[in-house]
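Before any comments, here is the structure.
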Number of protein chains: 2
Amino acid sequence: MADTRQRLIDGAIETIRRHGITGTSARTIAATAGVNQALVFYHFGSVHELLEAACLAATEARVAPFAARLDEVADLRGLLDLGRRLHAEERSLGNVMVLAQMLAGAQADPELAKATSAALGLWIRPIERVLDRLLADSPVADLVDTAGLSRAVCAGFIGLELFEGVDPAGAHAALDALERLAALVDVVQELGPVARRALHAKLRKSAT
Amino acid sequence: MADTRQRLIDGAIETIRRHGITGTSARTIAATAGVNQALVFYHFGSVHELLEAACLAATEARVAPFAARLDEVADLRGLLDLGRRLHAEERSLGNVMVLAQMLAGAQADPELAKATSAALGLWIRPIERVLDRLLADSPVADLVDTAGLSRAVCAGFIGLELFEGVDPAGAHAALDALERLAALVDVVQELGPVARRALHAKLRKSAT
DNA sequence: GTCTATAACGAGATAGAC
DNA sequence: GTCTATCTCGTTATAGAC
């Protein structure tokens, strides 16, 4: 059957989610997928290459519906709402956890690093686009780097996901705190023209 | 010698930094430490327990001088400067990387999770203290949760550290973007009383 | 394409000499 | 306290039957 490839990809993702990168091997993946261990090497050549393929495929599948919802966001408040919903969904569907584990494994492995970076890019690009759109006419527009900010958001999600694994209550408090901080930017956006100009001048001065 | 324990602890940290959690074993640790592999089990009982001890010891050693410097910070701008210096130092000394790897391994392992959470607490508590101190008389004081914010900062550092392993330029851009965002809070802090009251009222309204 | 069998090796852990 | 030797198991990967 041609869907053995797919079963292996799904099995790889599920194994990373359940046992982490340290508990992921050709045997554990094959057991999860319900296929023979040797098929990992027949179809993908190595565990490595299977992980790379699985990481990219799973991320693509997860980003696609998210990107569509991003395009419907009208303001920063809506973006925060979407972010919280996404975070809740990720706790069960778990693509962020997979990326975090891949990222950990990639630190000492240039090949994994390349694949993981590509997968991360799938999240980063749509987030950067929506930030560009929403901050276009903001008083902080020319002082905020959306390319950097989108990467910071992704890094934050990953850090929080790992944090949640060892301290769920702490991670929840952290997310709440970040939302309130982001609300600050939202409030600044809605300030009157006088306040905006004052703030703008101050920001310019402090941006050196 | 009694310093074999210490050599193993140092070797464990160095091994995690060099080979990640996936490349860390009794054998690789012993090789790095220059001692016999069996001594891991004689001194610590298991690789697991060695990792827990090493993680806590290394974090304590790294946090102690940092906590002293935190107490000397006078304002938010100074805190940001210290954060950037810390980040640069961490790239070479690497305690954050160790924590990130431990965190990844802890996701599927309750015992490691407990030790890692304890080590993270060593970073979180002094950060929370300085945030409490600096934001005490800020217009956003009662709208910012310093407990959550300190955890978000730590999670962010860890996410950025992992990010840097696969995309150094992107991680750098992310850090810059975050600093500019934090500067926004700093600017708000220095607003005049009229603007502060206006902002405060808006924040209150939007905090529901 | 899928299976069994197996090679070659590294893992955690222990026993026992020194 | 440190070493060698060893046990048992899981790991990647391949060879070859079907």
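Atoms considered below: every heavy atom in the structure, side chains included; atoms not considered: hydrogens, waters and symmetry mates. Here is the naming used below: chain letters follow the sequence lines, and residue numbers restart at 1 for every chain.
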Whole-Å distance separating the [atom1] atom of [X] from the [atom2] atom of [N]:
{"X": "A:Asn36", "N": "D:dT11", "atom1": "CG", "atom2": "P", "answer": "14 Å"}
{"X": "A:Phe44", "N": "C:dT2", "atom1": "CZ", "atom2": "P", "answer": "11 Å"}
{"X": "A:Ile29", "N": "D:dG10", "atom1": "CD1", "atom2": "P", "answer": "17 Å"}

What residues in residues 15-26 of chain B put a non-hydrogen atom under 4.0 Å from any atom of DNA chain C? B:Ser25, B:Ala26
Has B:Thr4 got a side-chain N or O lying under 4.0 Å from the OP1 or OP2 atom of D:dT2?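 Indeed, a polar side-chain atom of B:Thr4 lies that close.
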Side-chain donor-acceptor pairs under 3.5 Å in residues 62-73 of chain A, sequence neighbours left out?
residue : atom : partner : partner atom : Å
A:Arg62 : NE   : A:Glu90 : OE2          : 2.5
A:Arg62 : NH2  : A:Glu89 : OE1          : 3.1
A:Arg62 : NH2  : A:Glu90 : OE2          : 3.3
A:Arg69 : NH1  : A:Glu89 : OE2          : 3.3
A:Arg69 : NH2  : A:Glu89 : OE1          : 3.0
A:Arg69 : NH2  : A:Glu89 : OE2          : 3.2

Would you list the atom pairs, donor with acceptor, under 3.5 Å between side chains in residues 45-56 of chain B and any protein atom, with sequence neighbours excluded?
residue : atom : partner  : partner atom : Å
B:Ser46 : OG   : B:Glu49  : N            : 3.2
B:Ser46 : OG   : B:Glu49  : OE1          : 2.9
B:His48 : NE2  : B:Asp109 : OD1          : 3.3
B:His48 : NE2  : B:Asp109 : OD2          : 2.6

Taking all heavy atoms of A:Ala74 and all of A:Leu134, pick out the closest pair and write down the distance. O-CD2, 3.4 Å
Heavy-atom pair with the smallest gap, counting every atom of B:Ile127 and B:Ser150: CG2-CB, 3.8 Å
Can you build the contact string for nucleotides 13-18 of chain D? Use B for base contact, S for sugar-phosphate-only contact, and - for no protein heavy atom under 4.0 Å. BB----
Enumerate donor-acceptor pairs with a distance under 3.5 Å from any side-chain N or O in residues 165-176 of chain A to protein atoms, sequence neighbours excluded.
residue  : atom : partner  : partner atom : Å
A:Asp167 : OD1  : A:Gly170 : N            : 3.0
A:Asp176 : OD1  : A:Arg84  : NH2          : 2.5

Which is it for B:Leu82 and B:Arg85 under the side-chain contact (heavy atoms from CB on, under 4.5 Å) test, yes or no, and what are the steps along the way? CA-CA 5 Å; B:Leu82 182 54; B:Arg85 278 202 301 275; 4.0 Å; yes
Can you list the residues that meet the side-chain hydrogen bond (donor to acceptor under 3.5 Å, both in side chains) rule with B:Asp10, with sequence neighbours excluded?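 For B:Asp10 the side-chain hydrogen bond (donor to acceptor under 3.5 Å, both in side chains) partners, ignoring immediate neighbours, are B:Gln6.
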Can you check side-chain hydrogen bond (donor to acceptor under 3.5 Å, both in side chains) on A:Thr15 and A:Thr32, steps first, answer last? CA-CA 7 Å; A:Thr15 305; A:Thr32 305; 3.1 Å; yes
